[in-house]
Every structure is written in C-alpha cells, then in structure tokens.
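One structure is given below, encoded as structure tokens.
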Amino acid sequence: MAEKSGAPVSCMDLPVKRPREDQENGVSSAASIMETEGDNNDASINVKEADGISSVIPGWFSEISPMWPGEAHSLKVEKILFQGKSDYQNVMVFQSSTYGKVLVLDGVIQLTERDECAYQEMITHLPLCSIPNPKKVLVIGGGDGGVLREVARHSSVEQIDICEIDKMVVDVSKRFFPDVAVGYEDPRVTLHIGDGVAFLKAVPEGTYDAIIVDSSDPIGPAKELFEKPFFESVAKALRPGGVVCTQAESIWLHMHIIEHIVANCREIFKGSVNYSWTTVPTYPRHWCDWFHALLDWGTSC
C-alpha cells in the first residue's frame, strides 16, 4: 500500500473544480476496492472484494448504501492511500481531487479534509456551550480524533475520555489525518478501545458533565448507539444538569430514525431535547443532524 505523501491539505489548498483527466487508474468496477503499491501515483492496482464499496465510473468513488436508496455521491479518486479490514469493518483512505484525503468505513464517507470542520465543531461546541464550565467529557466513537480536538479548546475541561471500538480507525487517522487526530496529543485525553455500550454500563453514576456520541450510521457496530437502553446508560453516566449530543442522520432521508431518537430522549431526559443541523457537502443530501439533550437537575437515573 502507498505511504502518506505531502503536507496536510488545507481548505484553501483545494481546488473548487478540476479538469477531467484520463480515468484508467482508480476504482475500476462495482463492489471493488483498490490498493496501490509503492510510491508511484500510477502504480498497478490490485482489485479486491469489499462489501459496501461500489463504482459506476472508472476513477470515481461512489457512496452507495441502503441508508440512502436511489442516490449516490461520487468523488474523483486520485490515489488509494490505505485499505484494510479490521475486526469490525472495511477501512479505506483515498486522495480525492477536490476534498483532500477521505476516510471511508464500510463504503460510507466519514470525513474529508475539506469539510470535516463543519461536523466536528457543531457536534462539540453546541453541547459544551450549553452548560456552564464542563469539566469531564466522554466521547463515544469519534476514533478520527476530530471531536477531541474541539473539546480540547474548552479551558474548563479537565478530563476527556474517548471510547472507540475500532483501533484501526484510530491508527489510520493518526497516520493519514494528523490535523484531525491532533486531539489525541492533549494530556487530558484517555483512550479506551472497546465497546461504547459496555463502557457506559460500567461508568459510575453522575461521572460526566457532557457525553458526545460521534457514531457512524445505525448499521454494523454503531447500531446499539441509537437504541433506548444506550440512552438510559448515557443518562445514568451524566451528572444532573449534564448534556448529551448525538448525531442523528439526515432529516431528508431518515425521519423515522429522528422520530425514534426524539421519543427516547424526551422520555429519558426531562430537562430539554433540541434538534440542530448543519451542511456537510460530502454527507448524504449534504446535511447532518444532531440532538442535544439536557438531564434535568432534579432527575435521578
């Protein structure tokens, strides 16, 4: 597989539009994933089977999922930087023409260098700015480290725990996305590799001021993070007046998921339940939603 090359890409370094090039190298067929060999951008390509990865035009990555049937978002592939299979999912990193490096899990884009800030900042600063002086923060998921980077900007925070189920995501993010994974370098951060559901069940009652659930879509290893028992564990781990923020897919595609989360949160969190959204160009319908819920000061869980 190719080694990482070049300096980190900033938003200003990325072209808005790029002329179409010869497309002989890149993603070559449906349900395939590639791995380049050596340091040559035009190196030969090994095509391997991989669930959830598909393409309809050679040289382009197309995100196709049952979570958004009948549509796909495509990015021009310049070079595959990494591909592997962890105990939980397929992991891929590729260099795109217009969005910098891209992290893909089981065929679904998790972040790009160009627009990751829109997601990380919203899911972090909304909850942390909604309560006074948060000191102890837990991040469930978020193995790329972007949420950690944003939590670390809050001077009142004294302890940042993160529980990520897939160590490969952490390692790959540190290697290929150092400007995102820089959050791991903060001395307040403690990384726990394991199941977030089990981790929360073992947490003493009232431990955290804020819990941020930076999960992938509700299929595969993240499915439990959208269910009522998980939110009950979150409420138990929060101190009275604490806050939780969780990603909630897209209002244009997943209203049934959003309604399910609303119903559960309103039953469990008696303080308030609020909906928010922002635009993320490389997410389905360029949209991402969150719910942040406050645990009432008088609630005992």
### Task
Over all heavy atoms of both residues, which pair between Ala181 and Ser173 is shortest? Give the atoms and the distance, please.
CB-O, 3.8 Å

### Query
How far apart are the C-alpha atoms of Val157 and Val151, what are their side-chain angles, what is the distance that settles it, and do they pass the side-chain contact (heavy atoms from CB on, under 4.5 Å) test?
CA-CA 8 Å; Val157 174; Val151 172; 4.2 Å; yes

### Query
Who are the side-chain contact (heavy atoms from CB on, under 4.5 Å) partners of Asp186, not counting sequence neighbours?
Ala152, Arg188, Val189

### pair Gln159-Thr190: side-chain heavy atoms closer than 4.5 Å
no

### Query
Which pair of heavy atoms, one from Asp209 and one from Ile131, lies closest together, and at what distance?
O-CD1, 3.4 Å

#### Entry: Set of residues satisfying salt bridge (Lys or Arg N to Asp or Glu O under 4.0 Å) with respect to Glu116, sequence neighbours excluded
Arg149

### Task
Verify, without hydrogens or angle tests, whether Ser74 (side chain) and Trp60 (backbone) share a donor-acceptor contact under 3.5 angstrom.
no

### Task
Starting at CZ of Phe230, measure out to CG of Leu200 and round the result to the nearest 0.5 Å.
5.0 Å

### Query
Considering residues at least two apart in sequence or located in another chain, which fulfil the side-chain contact (heavy atoms from CB on, under 4.5 Å) criterion with Ser86?
Tyr88, Gln89, Asp166, Met168

### Task
Could you tell me whether the side chain of Thr124 reaches within less than 4.5 Å of the side chain of Ile212, counting heavy atoms only?
yes

### Query
Just by distance, do the side chain of Glu164 and the backbone of Gly143 share a donor-acceptor pair under 3.5 Å?
yes

### Pairing of Glu205 and Lys236 as salt bridge, 4.0 angstrom limit
no

#### Entry: Under the ring-ring contact (aromatic ring centres under 6.0 Å, His included) test, residues paired with Phe94 that sit two or more places apart
Phe61

### Message
Check whether Glu63 reaches the backbone of Ile109 with its side chain - one donor and one acceptor, N or O, closer than 3.5 Å.
### Response
yes

### Query
Shortest non-hydrogen contact from Val102 to Phe177?
C-CZ, 3.7 Å

### Query
In Å, rounded to the nearest 0.5 Å, how long is the span from CG of Leu75 to OH of Tyr99?
7.0 Å

### Message
So Tyr184 and Lys174, do their side chains get closer than 4.5 Å, heavy atoms only?
### Response
yes

### Query
Restricting to pairs with a member in residues 117-146, which pass salt bridge (Lys or Arg N to Asp or Glu O under 4.0 Å), not counting sequence neighbours?
Lys135-Glu158

#### Entry: Under 3.5 Å: donor-acceptor pair, side chain of Ser96, backbone of Gly100
yes

### Euclidean distance, Arg114 CZ relative to Thr98 OG1, rounded to 0.5 Å
6.0 Å

### Message
Within this structure, what is the NZ-OG distance for the pair Lys201 and Ser233, rounded to the nearest 0.5 Å?
### Response
6.0 Å

### Query
Under the 3.5 angstrom rule, does the side chain of Thr207 hit a backbone N or O of Val203 as a donor-acceptor pair?
no

### ring-ring contact (aromatic ring centres under 6.0 Å, His included) partners of Phe199, counting only residues at least two apart
His192

### Message
Between Asp171 and Lys167, does any NZ, NE, NH1 or NH2 come within less than 4.0 Å of an OD or OE carboxylate oxygen?
### Response
yes

#### Entry: Test item: Thr246 and Phe231 side chains (from C-beta on) under 4.5 Å apart, heavy atoms
yes

### Query
What's the verdict on side-chain contact (heavy atoms from CB on, under 4.5 Å) for Val137 and Asp161, showing C-alpha distance, side-chain angles and the deciding distance?
CA-CA 6 Å; Val137 180; Asp161 291 333; over 6 Å; no

### Query
So, for Ile211 and Ala237, which heavy atoms are closest and what is the spacing to 0.1 Å?
CD1-CB, 3.9 Å

#### Entry: Within one Ile-Leu-Val-Met-Phe-Trp-Tyr cluster: Val182 and Ile162, side-chain cutoff 4.5 Å
no

### Message
Before you tell me yes or no, could you show the steps for Lys101 and Leu81 under side-chain contact (heavy atoms from CB on, under 4.5 Å), namely the whole-Å CA-CA distance, both residues' side-chain angles and the distance that decides it to 0.1 Å?
### Response
CA-CA 9 Å; Lys101 291 191 287 290; Leu81 301 173; 3.3 Å; yes

### Test log, rule side-chain contact (heavy atoms from CB on, under 4.5 Å), inputs Gln95 and Ile80
CA-CA 6 Å; Gln95 182 72 41; Ile80 299 295; over 6 Å; no

### Query
Just how far is it from atom CG of Leu191 to atom SG of Cys163, taken to the nearest 0.5 Å?
8.5 Å

### Query
Side-chain contact, heavy-atom cut-off 4.5 Å: Val104 with Val91?
no

### Task
State the CD-CG distance between Gln110 and Leu103, to the nearest 0.5 angstrom.
6.0 Å

### Minimum heavy-atom distance between Pro127 and Cys245, given as atom pair plus value
CG-CB, 3.6 Å

### Task
Compare all side-chain heavy atoms of Ile165 with those of Ile193 and state whether any distance is below 4.5 angstrom.
no

#### Entry: Side-chain heavy-atom pair Ile140, Asp214 within 4.5 angstrom cut-off
no

